[in-house]
Amino acid sequence: TETERIHDADTPGTANTAYSGVRPIIMDFTGTEYRLYETGRNMETIDYNTFLTYTNPTTTWNLVGLDQYALDAHWGTEMTYDYFFINYGRDGLDGAGFFLTSNVNEGPGFGNAYWDGASAHYGDGDGFLFTTPLTTIGVVAHEMTHGLTQFTAGLDYWGESGALNESFSDIFGLAVDKYARNIDLNLASSWLVGAEC
């Protein structure tokens with residue numbers, strides 16, 4: 001007799017995101033609950049304050065308050081992975097399936113997002129310049145692209161190389177945003193990244 005003690009499988013579902021409406025996402029099923037964790041794209045979305053992966057009882061995600069923005073980070077990371085894989089054949093940021101972690105709800109009062117060399121972090125906003133969390137798809141793709149730059153060009157983050165590092169992230173942030181929304185990049189009316197927050 002065999003007893004399964006560990007269950008995990010990528011499962012499709014939907015997420016009611018704060019910035020992009022209802023979007024299809026992939027999640028993991030543990031046997032008892034669904035998680036913002038995916039083995040196919042090798043990624044997870046966690047709460048910065050608890051270090052726990054977000055969970056839900058069904059495949060339909062309707063998180064509320066600041067937690068809803070975790071769905072934007074998860075979908076945005078999926079779209080960033082897909083953009084680089086479909087257009088450039090790249091499996092993750094390092095080309096070898098690098099594990100993508102999105103840390104959301106960093107705050108309170110943190111009006112920034114950043115790549116720390118191993119994962120992306122998204123603040124809740126400072127209430128002044130950024131009134132909502134920094135998990136728009138453009139910001140997510142921007143931060144993930146810093147990881148891509150780390151594994152490719154390795155640009156030092158100062159002076160001209162730092163400016164190039166930022167500009168590549170801005171350009172790919174917009175490119176992923178337009179890709180995910182099926183908008184021709186040549187028709188982009190604005191090159192602002194993260195204008196929603």
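Values below: every heavy atom of this structure, side chains too, minus hydrogens, waters and symmetry copies.
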We want to know whether Y157 and E166 form a side-chain donor-acceptor pair, criterion being a heavy-atom distance below 3.5 angstrom.
yes

Mind checking whether F99 and Y37 have parallel, tilted or perpendicular rings, split at 30° and 60°?
tilted

Report the C-alpha separation of N56 and L63 in whole Å, then their side-chain angles, then the decisive distance to 0.1 Å, and conclude whether the side chain to side chain contact (heavy atoms under 4.5 Å, CB included) test is met.
CA-CA 9 Å; N56 201 53; L63 301 179; 4.3 Å; yes

I'd like to check I137 versus Y19 (side-chain heavy atoms, cut-off strictly below 4.5 Å). Are they in contact?
no

So that I know where these two stand, are Y81 and F98 an aromatic pair - ring centroids less than 6.0 Å apart?
no

Which heavy atom of R35 sits nearest to which heavy atom of M27, and what is that distance?
O-CB, 3.0 Å

Path from V140 to F151 over hydrophobic side-chain contacts below 4.5 Å
yes

Taken to the nearest 0.5 Å, the spacing of D177 CG from I183 CD1 works out to 7.0 Å

Applying the 4.5 Å side-chain criterion to the ILVMFWY set and letting contacts propagate, would V64 and L66 be lumped into a single cluster?
no

Take V104 and Y69 through the side chain to side chain contact (heavy atoms under 4.5 Å, CB included) test and state the conclusion after the steps.
CA-CA 8 Å; V104 300; Y69 296 91; over 6 Å; no

Are side-chain heavy atoms of L93 and L100 found at a separation under 4.5 Å?
yes

Does any N or O in the side chain of N49 come within less than 3.5 Å of the main-chain N or O of N105, such that one atom is a donor and the other an acceptor?
yes

Where do S169 and H142 come nearest, in terms of heavy atoms and distance?
OG-O, 2.9 Å

Side chains of M144 and V176 in contact at under 4.5 Å (non-hydrogen atoms)
no

Do the side chain of H74 and the main chain of I26 share a donor and acceptor less than 3.5 angstrom apart?
yes

Linking I/L/V/M/F/W/Y whenever any side-chain heavy atoms sit under 4.5 Å apart, do Y54 and F29 land together?
yes

To the nearest 0.5 Å, what is the distance between CH2 (W75) and CG (D82)?
10.5 Å

Do the side chains of D47 and L52 get nearer than 4.5 Å, heavy atoms only?
no

Where is the tightest heavy-atom contact between N103 and S119, given as atom of each residue plus distance?
ND2-OG, 3.0 Å

Under a 3.5 Å distance rule, please check whether E143 uses its side chain to pair with a backbone N or O of W115 as donor and acceptor.
yes

Hey, quick one: are Y88 and Y179 part of the same hydrophobic cluster, counting side-chain heavy atoms closer than 4.5 Å, chains of contacts allowed?
yes

Non-hydrogen atoms of N42 and G97 that approach each other most closely:
ND2-O, 2.5 Å

Is the backbone of E196 close enough, under 3.5 Å, to the side chain of T136 for a donor and an acceptor to pair up by distance?
no

Rounded distance (nearest 0.5 Å) linking atom CZ of F110 with atom OH of Y122:
12.0 Å

Between S161 and D156: side-chain donor-acceptor atoms closer than 3.5 Å
no

Shortest non-hydrogen separation from D126 to F128 and the atoms involved
OD1-N, 2.9 Å

Checking the side chain of D72 only, and the main-chain atoms of G76 only, is there a donor and an acceptor separated by less than 3.5 Å?
no

Ignoring hydrogens and angles, tell me if any N or O in the side chain of Q68 forms a donor-acceptor pair with the backbone of N16 under 3.5 Å.
yes

Value rounded to 0.5 Å, distance of CG in L71 from CG in D67
8.5 Å

Evaluate side chain to side chain contact (heavy atoms under 4.5 Å, CB included) for T145 paired with T149, printing each intermediate quantity in order.
CA-CA 6 Å; T145 301; T149 300; 4.3 Å; yes

Once you round to the nearest 0.5 Å, how far does CD1 of I25 lie from CE of M79?
10.5 Å

Establish whether F51 and Y114 are linked, either directly or via other cluster members, by ILVMFWY side-chain heavy-atom contacts under 4.5 Å.
no

Judged by modelled atom types alone, do S20 and R181 share a side-chain donor-acceptor pair under 3.5 Å?
yes

Do you know the tightest heavy-atom contact between S102 and T77?
OG-OG1, 3.1 Å

To the nearest 0.5 Å, what is the distance between CH2 on W61 and OH on Y34?
10.5 Å

